[in-house]
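Below is one structure, written out as structure tokens; comments come after it.
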Amino acid sequence: MAETKQQIDLKVINNEAAALLTPRGDVPATPEIHLRPWIVDPAPSEADVKELHNQRIICGWHSERVPVWQEEIRSGARLIWFIHIQTPEGLSETTGMISLNLSDPVDLSIANLRAPPPNTGDRVEIGSLFVYPKYRRRGIGEAAMLELERKAEEVGAGTITVNTMALGEVLRRYERMGYRQYKRERKYKLEDVLAMGLTEEHCDAAFLEKKVPAVV
């Protein structure tokens, strides 16, 4: 039986939480990362497209989303970066990805920086955070989010938003990073949640925000 869109979304948001919240273990310090922008004009490289397709498959989100992202970048509605670790030998292989959504026509409280007038505002959304499982437990996800907060300031944003499962452990980590919940919604159907082996509390999504500049 084919998965529903909500089941796919649940997989994605589970991966985002794992990328951000997995303990670092014995790693002593936050790694130095490099965000490489995905360039789509005049045309994206075949290697980058293949890399994004692979990440989407691993995290459970249909890879058909990749060409949609290309068009969103071209229209100015989204920015995407590949995550690398800076090492003494140079940049590592790609360890994951992260994006900045500049306009959400469905919910302007999420992102409206590039929304058409009169709905233009100062809100952007950090999303699509993914870190390959072998690179988790190193603080890469949190480091990528902090770097993207700086980039949000650079593009003129005044508020950054994220949305995630409304679970205590997840919310507490975002709160420690300075995010505060501004709304909560029942987002996922109970039958989809149970089919994923999750509990009823996973039905709710929390929407959080943080003012920028995020880093002084």
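Note that the numbering runs from 1 along the sequence shown for the chain.
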Separation between CZ (R138) and CD1 (I33), nearest 0.5 Å, reads 13.5 Å
Compare all side-chain heavy atoms of E142 with those of M177 and state whether any distance is below 4.5 angstrom.
-> yes
When you look at L148 and L79, which way does the side chain to side chain contact (heavy atoms under 4.5 Å, CB included) test go after all the steps?
-> CA-CA 10 Å; L148 216 60; L79 299 168; over 6 Å; no
Determine whether I73 and I98 fall in the same hydrophobic cluster, where Ile, Leu, Val, Met, Phe, Trp and Tyr are linked whenever their side-chain heavy atoms lie under 4.5 Å apart.
-> yes
Should the pair R172-E175 be classified as a salt bridge under the 4.0 Å nitrogen-to-oxygen rule?
-> no
Correct closest heavy-atom pair for G76 and L102 would be O-CD1, 3.3 Å
Which distance, rounded to the nearest 0.5 Å, do you find between the CG of L100 and the NZ of K151?
-> 10.0 Å
E185/F207 under side chain to side chain contact (heavy atoms under 4.5 Å, CB included): CA gap, chis, key distance, verdict | CA-CA 8 Å; E185 293 180 355; F207 296 77; 3.9 Å; yes
Salt bridge between K210 and E149, side-chain N to carboxylate O under 4.0 Å?
-> yes
Hey, is E153 close enough to R150 for a salt bridge, meaning N to O under 4.0 Å?
-> no
R123 and D107 ion-paired at < 4.0 Å = no
Hey, mind stepping through Q70 and V49 against side chain to side chain contact (heavy atoms under 4.5 Å, CB included) and telling me if it holds?
-> CA-CA 10 Å; Q70 291 183 42; V49 172; 4.2 Å; yes
Please examine the side chains of E209 and I160, heavy atoms only from C-beta on, and report whether any two atoms are closer than 4.5 Å.
-> no
Can you name the closest pair of heavy atoms from R114 and V155 and give their distance?
-> NH2-O, 3.9 Å
With side chains defined as the heavy atoms from C-beta onward, is the minimum distance between T94 and H84 less than 4.5 Å?
-> yes
Hey, can you tell me if F82 and W38 have their rings parallel, tilted or perpendicular (30° and 60° cut-offs)?
-> perpendicular
Test item: T95 and K134 side chains (from C-beta on) under 4.5 Å apart, heavy atoms = no
Atom CG of D104 and atom CG of N112: how far apart are they, to the nearest 0.5 Å?
-> 9.5 Å
Note: D48-R36 ion pair, threshold 4.0 Å (strictly below) | yes
If we ignore angles and hydrogens, is there a donor and acceptor under 3.5 Å between the side chains of E72 and N101?
-> no
How close do S99 and I80 get, heavy atom to heavy atom, and via which atoms?
-> CB-CG1, 3.7 Å
Under the side chain to side chain contact (heavy atoms under 4.5 Å, CB included) criterion, do L208 and T161 qualify, and how do the steps go?
-> CA-CA 5 Å; L208 303 100; T161 73; over 6 Å; no
Find out whether M97 and L52 are in side-chain contact, i.e. whether some heavy atom of one side chain is under 4.5 Å from a heavy atom of the other.
-> yes
Heavy-atom side-chain contact between T164 and L171 under 4.5 Å = yes
The reported gap from CD1 in I58 to CZ in F130 (rounded to nearest 0.5 angstrom) is 5.0 Å
K50 NZ: over 12 foreign heavy atoms closer than 6.0 Å | no
Hey, are R56 and E64 close enough for a salt bridge, meaning a charged N less than 4.0 Å from a carboxylate O?
-> no
Contact check, side chains of M145 and Y179, non-hydrogen atoms, under 4.5 Å = yes
Heavy-atom side-chain proximity of V40 to R74 below 4.5 angstrom = yes
Nearest-0.5 Å distance, CG of residue L146 to CD1 of residue I126 | 8.5 Å
If you measure from CG on L113 to OG1 on T159, what distance do you get to the nearest 0.5 Å?
-> 10.0 Å
Minimum-distance pair of heavy atoms, taken over all atoms of S128 and W69 | OG-CZ2, 3.5 Å
Under a 4.5 Å side-chain heavy-atom rule over Ile, Leu, Val, Met, Phe, Trp and Tyr, are I110 and Y174 clustered together?
-> no
Smallest heavy-atom separation, A144 atom then I83 atom, equals CB-CD1, 3.7 Å
Can a donor-acceptor pair be found between the side chains of Y135 and E93 at a distance below 3.5 Å?
-> yes
Of all the heavy-atom pairs spanning A115 and T120, show the shortest one and how long it is.
-> O-OG1, 2.5 Å
